[in-house]
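Letters A, B, ... are given to chains in the order of the sequence lines, protein chains preceding strands, and every chain is numbered from 1.
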Number of protein chains: 2
Amino acid sequence: MATMPTTHDGSYDGARDAAQGGTRHRTHDVSGDAPVPDLSTVWLRVFLEVARHGSFTVAARTLGWTQSAVSRQVSALEAALGGARLFDRLPRGVRLTEAGRVLVPHAEAVAQSLHGAARELAALREVAGGRLRFGAFATADAALVPWALAAFRARHPGVRVTREEGLTPALLDRLTAGHLDLAVVSTTRPAPLEAYELHHLLDEPLYVAVPAGHPLAGHPRPVALGRLAGADWISGSPRPEGTLLDAVLRQGFRPRITHVVAEWTAKQGYVAAGLGVTLVPALAATSVRPDITLLRLRDEDAPARGVYAATVRGRSLSPAAQAFIGVLREAAVSAVPAATTASAAPVVPG
Amino acid sequence: MATMPTTHDGSYDGARDAAQGGTRHRTHDVSGDAPVPDLSTVWLRVFLEVARHGSFTVAARTLGWTQSAVSRQVSALEAALGGARLFDRLPRGVRLTEAGRVLVPHAEAVAQSLHGAARELAALREVAGGRLRFGAFATADAALVPWALAAFRARHPGVRVTREEGLTPALLDRLTAGHLDLAVVSTTRPAPLEAYELHHLLDEPLYVAVPAGHPLAGHPRPVALGRLAGADWISGSPRPEGTLLDAVLRQGFRPRITHVVAEWTAKQGYVAAGLGVTLVPALAATSVRPDITLLRLRDEDAPARGVYAATVRGRSLSPAAQAFIGVLREAAVSAVPAATTASAAPVVPG
DNA sequence: GCGATCGATGCGACAAGCGAATGTCTAGCA
DNA sequence: TGCTAGACATTCGCTTGTCGCATCGATCGC
């Protein structure tokens with residue numbers, strides 16, 4: 001498996017403090033010399049079973065073993081525990097000694113811990129427990145994530161889900177730092193994301209948002225992007241690189257950015273006022289104000305960006321994360337069908 | 001706790017799990033299915049150590065193992081836990097997965113239970129914990145047990161001691177029933193006690209209590225028991241068998257019992273009033289009222305009774321019980337030196 | 001690029017643990 | 001009192017598991 005560490009401090013975040021035990025050395029203890037003996041959990045079943053039945057033979061029968069195995073297991077346990085007899089051997093069975101009586105609750109505690117661990121791990125495996133920490137960018141949060149989240153919570157109510165918002169780069173940083181298990185990100189060029197495992201969700205076309213009265217607003221067919229080369233563009237950043245306009249750059253012309261507006265609602269206002277045009281991802285198409293028209297672009301030069309569920313490469317995916325990727329994919333095809341099939345423009349009639 | 005009487009009567013109130021056959025393979029488990037507890041405690045140390053250090057190699061160094069052993073232990077653990085990865089293998093070490101993070105507290109709970117068990121067993125072994133339930137007959141409680149009990153409590157303050165009073169037969173019944181760990185009993189003929197392990201404490205001579213004005217009260221030397229053959233005797237039971245007078249029977253004459261008085265203080269009153277004589281064990285010699293004289297009997301026919309710490313034969317003695325027998329022996333030689341050395345009569349001058 | 005680091009794995013050896021059979025002890029019974 | 005049945009302990013082969021050693025593959029820092 002290929003791995004990609006980038007940031008690995010050699011420790012794990014949660015358990016260091018919980019371990020509380022940089023000072024717990026087993027080599028020599030002060031009083032009692034409690035050596036935490038090397039025991040198999042087999043002894044636990046055997047011990048409790050024998051204690052319950054008061055007989056090696058009966059315990060062996062219920063365990064599916066032979067009597068000699070039980071006898072030796074108990075002997076080994078007694079030897080490992082410092083030689084203290086745990087059972088009095090009687091002619092008609094065995095009987096707990098004081099030491100054995102003392103051991104019973106501890107053995108039961110161990111069994112309970114083991115049982116709880118197995119149960120919790122099983123819950124984790126069946127996506128009935130554990131936690132899922134994910135992040136998503138804004139437009140995904142508008143049209144994709146809610147549906148996926150609803151389906152996930154309905155299907156796996158036991159999973160504790162926490163969500164974050166942020167731009168793709170910030171989410172990836174959170175992912176690398178280990179604060180997120182999964183991030184819904186978008187990119188027009190997957191190259192710089194090679195450090196992450198990208199689970200493809202959908203490729204969403206980018207539409208051009210124009211004011212309702214724009215000359216191209218009534219155009220019956222997808223328009224060529226070049227026809228907008230001379231338009232004023234509104235972007236979230238003064239430089240097109242790294243933004244949605246990155247896709248435009250690869251179409252051969254450098255857009256003239258006249259206004260820098262980051263917030264999505266505000267950006268719509270600028271477009272509606274005729275101050276310029278901007279690119280709108282398909283996921284945001286349903287939340288466009290009515291006095292704006294979205295133009296579909298010609299397939300051959302239509303910019304698109306991919307939406308991915310990103311995880312850290314080499315870091316194991318929890319079953320919950322895998323399941324969440326599944327529902328994200330479902331949401332991608334059901335909530336945004338326009339992204340997969342071409343239809344006539346405009347997408348949303350002004 | 002249960003299983004007191006004749007060994008296995010049923011079950012102790014405890015965990016009700018187990019009863020799982022095979023099917024521990026990594027097939028799809030239903031949630032809540034019985035766990036797979038076939039693990040060694042070795043994995044526990046390995047897992048926590050690896051989790052703490054974030055490295056197989058470092059964990060191996062601290063454990064005194066090789067890296068390959070740690071690697072395979074972790075792999076075995078992961079396989080035993082259903083195949084879920086517990087660590088992400090990174091180029092610079094390992095990192096807990098979600099499953100591993102879930103497992104940490106359970107593993108620590110197991111370690112804590114094991115540690116607590118070892119500590120409590122060590123305390124038991126060093127007579128620093130546990131319980132001791134003993135019983136004693138009345139005169140032993142007057143002169144022997146208090147000293148032993150004081151020494152024991154001072155030496156082993158951690159042991160929870162419970163005491164019962166009763167006659168020898170009742171104490172032995174309690175012992176057999178499992179309600180006592182040890183019983184201080186007395187007998188003139190140890191034959192019927194063969195079912196028990198008798199730890200000899202002392203042989204106490206029996207004195208004859210006579211009123212201060214009795215003709216033999218001023219006798220300078222031990223008297224022959226036969227000189228009291230014609231006396232009126234006071235006994236705790238209408239028949240001498242099974243009582244202190246049992247010893248007299250073996251001296252050849254059957255005492256004439258004129259008064260039956262069980263309680264010791266009352267019996268003294270009868271003797272002081274000149275209504276008869278009675279036998280007084282040495283342990284009670286110090287608590288005789290001043291108007292009574294105790295006569296030492298000639299060695300050759302002096303009745304004596306043995307005082308023993310009785311335990312159930314074949315039932316293991318707890319270290320606390322063994323220690324208590326020790327202090328009982330110490331108390332026997334220090335508190336009742338008269339029992340071991342012959343001295344001039346009377347024991348207690350009237 | 002090259003050495004260093006870290007985990008995984010094949011191999012040989014050793015120890016642990018199992019089943020089957022046998023031994024020992026005791027209670028119950030005639 | 002002798003016999004039988006039941007229960008735990010022990011011995012004997014054999015399987016299984018686990019460790020150390022050596023090596024491989026992958027990756028990072030210089």
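Contact annotation: the side chain of B:Arg101 approaches that of A:Arg131 to within less than 4.5 Å [non-hydrogen atoms, C-beta and beyond]. Between B:Tyr308 and B:Val185 the shortest side-chain heavy-atom distance falls below 4.5 Å.
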Next on the checklist: What does the B/S/- profile of nucleotides 4-9 of chain C look like, 5' to 3', with a 4.0 Å heavy-atom cutoff to protein?
Outcome noted: -SSBBB

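Taking atom CG of B:Leu63 as the reference point, atom P of D:dG20 lies 10 Å away to the nearest angstrom. Here D:dC8 presents its P atom at 10 Å from CZ of A:Phe87, a figure rounded to the nearest Å. The CZ-P distance, from A:Arg313 to D:dA26, rounds to 15 Å in whole Å. One interatomic measurement links the two molecules: CG of A:Leu77 to C1' of D:dC8, which rounds to 16 Å at whole-angstrom precision.
Between B:Arg72 and B:Glu78 there is no salt bridge, since no side-chain nitrogen of the basic residue lies less than 4.0 Å from a carboxylate oxygen of the acidic one. Taking the charged nitrogens against the carboxylate oxygens, A:Glu164 and A:Arg174 do have a contact shorter than 4.0 Å, which makes a salt bridge. Electrostatic pairing of B:Arg133 and B:Asp181 counts as a salt bridge here, judged by a charged N lying under 4.0 Å from a carboxylate O.
Aromatic rings of B:Phe87 and B:Phe47 (six-membered ring for Trp) have centroids within the 6.0 Å cut-off, being under it.
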